[in-house]
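Positions are given from 1 along the sequence.
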Amino acid sequence: MWVAKFQMRHADCIMGVRTKKFKCLVYVYPINLHKEGNKIVFTLLNIIIGLEENKKRLIKDLKKEKRLHRMEINGDLLFITYKDSLRRSWYRHLVNPEIFYIKPIMIFETGWEQFELGSWKKEPLVRCLKAVKAHFEFKLISIDRKYHADFFLSRPLPKLSLRQKEALQLAVREGYYEIPRKTDLETLGKQMKISRQTFEQHLRYAQRKLMPFLEKTTTT
């Protein structure tokens, strides 16, 4: 199997412009992509990560999007269908049956989108990369053959309390999990206006709930 990992950014991405505007991170799980006349129809499950106020503002702004067809909201889960023109030639690569998604799309606070796509053949991926590079800001991370690719299998998310979610999201956003760390528990606690000990407790409970989920959803 061939796997391509790359990042792209463009000014009219339905979600990317809003993650940048409202400082959120979004995981996008493509449920269905298909052609409908001269349109391409996207059905996507989105998991929004960020401060509660920012997430609400993002969703409120998304409701104004003219390309949006349907939307359902359940906490941090956002289920949407939207339509766009197939005249955007690079979209045709997304409905190519030779290409499939290895991981969910990650859309960062900077508006950059990260894709990890797979194919049994190298050529469809190369054509896709060329099309994306020709139209958008583009960063190629890797394209290589993998005999044991890591797949992400979706399953229900564990339920975290509001404070647990806020602690985890703040830790990720501020670089607590990066190497080397960009912040510490004392600083993060002050940002949430709680003690270091209380912040650490929220974070540990969140991690304990998430670890079994991550172990079961990633397979080789």
Self-check item: Separation of C128 SG from I99 CD1 (nearest 0.5 Å)
Solution: 4.5 Å
Quiz item: Under 3.5 Å, side chain of S119 to main-chain N/O of K122, donor-acceptor pair present?
Solution: no
Self-check item: Considering all heavy atoms, the nearest L68-I80 contact
Solution: CD1-CB, 3.9 Å
Quiz prompt | Side-chain heavy atoms of L129 within contact of I143, under 4.5 Å | solution = yes
Practice problem: Please test V26 against I47 for side-chain contact (heavy atoms from CB on, under 4.5 Å), starting from the C-alpha separation and ending with a verdict. | Solution: CA-CA 6 Å; V26 177; I47 300 176; over 6 Å; no
Quiz item: Does one hydrophobic cluster hold both I59 and L51, with members joined at side-chain heavy-atom distances below 4.5 Å?
Solution: no
Quiz prompt | From CD1 (I48) to CG (L77), nearest 0.5 Å | solution = 9.0 Å
Quiz item: Out of curiosity, R163 CZ to T198 OG1, how far, rounded to the nearest 0.5 Å?
Solution: 9.0 Å
Exercise. For the residue pair F115 and F6, categorise the inter-ring angle as parallel (less than 30°), tilted (30 to 60°) or perpendicular (more than 60°).
Key: parallel
Practice problem: State, to 0.1 Å, how close G16 and C13 come at their nearest heavy-atom pair, and which atoms those are. | Solution: N-SG, 3.1 Å
Quiz item: Between atom CH2 of W120 and atom CG of L125, what is the distance when rounded to the nearest 0.5 Å?
Solution: 12.0 Å
Quiz item: Okay, side chain of T19, backbone of E109: is any donor-acceptor separation there less than 3.5 Å?
Solution: no
Quiz item: Should the heavy atoms of other residues, nucleotides or ligands under 6.0 Å from OH of Y27 be counted, would the total exceed 12?
Solution: no
Quiz prompt | Residue F136 excluded, over 12 heavy atoms near CZ under 6.0 Å | solution = yes
Quiz item: Side-chain heavy atoms under 4.5 angstrom apart, residues restricted to Ile, Leu, Val, Met, Phe, Trp, Tyr: same cluster for L185 and Y205?
Solution: no
Practice problem: Scan residues 35-53 for pairs that pass salt bridge (Lys or Arg N to Asp or Glu O under 4.0 Å), counting only residues two or more places apart or in two chains. | Solution: E36-K83, E52-K55
Quiz prompt | Co-membership, hydrophobic cluster, residues F42 and Y101, 4.5 Å side-chain | solution = yes
Quiz item: Which distance, rounded to the nearest 0.5 Å, do you find between the CZ of R18 and the NZ of K60?
Solution: 13.5 Å
Quiz item: Salt bridge check: are E123 and K121 linked by an N-O gap of less than 4.0 Å?
Solution: no
Quiz item: Should L188 and V172 be counted in the same cluster of Ile, Leu, Val, Met, Phe, Trp and Tyr side chains packed under 4.5 Å apart?
Solution: yes
Exercise. Return yes when atom CZ of R67 has more than 12 non-hydrogen atoms of other residues, nucleotides or ligands closer than 6.0 Å, and no otherwise.
Key: yes
Practice problem: Would you tell me whether H10 and E113 have side-chain atoms, one donor and one acceptor, within less than 3.5 Å of each other? | Solution: yes
Quiz item: Between OG of S195 and CD of E186, what distance do you get to the nearest 0.5 Å?
Solution: 8.5 Å
Quiz item: Would a distance-only check, ignoring hydrogens and angles, find a side-chain to backbone donor-acceptor pair under 3.5 Å from N46 to L78?
Solution: yes
Practice problem: Please say whether more than 12 non-hydrogen atoms of neighbouring residues, nucleotides or ligands are located less than 6.0 Å from CD in E72. | Solution: no
Quiz prompt | For the student: nearest non-hydrogen atoms of A167 and F199, plus distance | solution = O-CZ, 3.5 Å
Practice problem: Considering non-hydrogen atoms only, spot the tightest contact between P30 and L44 and give its length. | Solution: CA-CD2, 3.7 Å
Practice problem: Take L62 and M71 through the test side-chain contact (heavy atoms from CB on, under 4.5 Å) and record every step on the way to the result. | Solution: CA-CA 9 Å; L62 184 62; M71 177 167 66; 3.9 Å; yes
Practice problem: Report the C-alpha distance between R145 and V3 in whole Å, list the side-chain angles of each, state the deciding distance to 0.1 Å, and finish with yes or no for side-chain contact (heavy atoms from CB on, under 4.5 Å). | Solution: CA-CA 6 Å; R145 192 163 191 169; V3 177; over 6 Å; no
Quiz item: Who are the side-chain contact (heavy atoms from CB on, under 4.5 Å) partners of E137, not counting sequence neighbours?
Solution: R9, W112
Quiz item: Taking all non-hydrogen atoms of both residues, which atom of G118 and which atom of I102 are closest, and how far apart?
Solution: N-CG1, 3.7 Å
Practice problem: Treating Ile, Leu, Val, Met, Phe, Trp and Tyr as nodes and any side-chain heavy-atom pair under 4.5 angstrom as an edge, say whether V41 and M15 lie in one connected cluster. | Solution: no
Quiz prompt | Candidate list K103, Q7, K139, test side chain to side chain donor-acceptor pair (under 3.5 Å), partner Q114, passing option | solution = Q7
Quiz item: At their closest point, which heavy atom of P124 faces which heavy atom of N96, and how far apart are they?
Solution: CB-ND2, 4.0 Å
Exercise. Answer yes or no: is there a side-chain heavy-atom contact under 4.5 Å between V17 and E65?
Key: no
Quiz item: Okay, side chain of N54, backbone of F22: is any donor-acceptor separation there less than 3.5 Å?
Solution: yes
Exercise. Keeping the roles fixed (side chain from E174, backbone from Y176), state whether a donor-acceptor pair exists under 3.5 Å.
Key: no
Practice problem: Take N32 and H34 through the side-chain contact (heavy atoms from CB on, under 4.5 Å) test and state the conclusion after the steps. | Solution: CA-CA 7 Å; N32 183 265; H34 68 274; 2.7 Å; yes
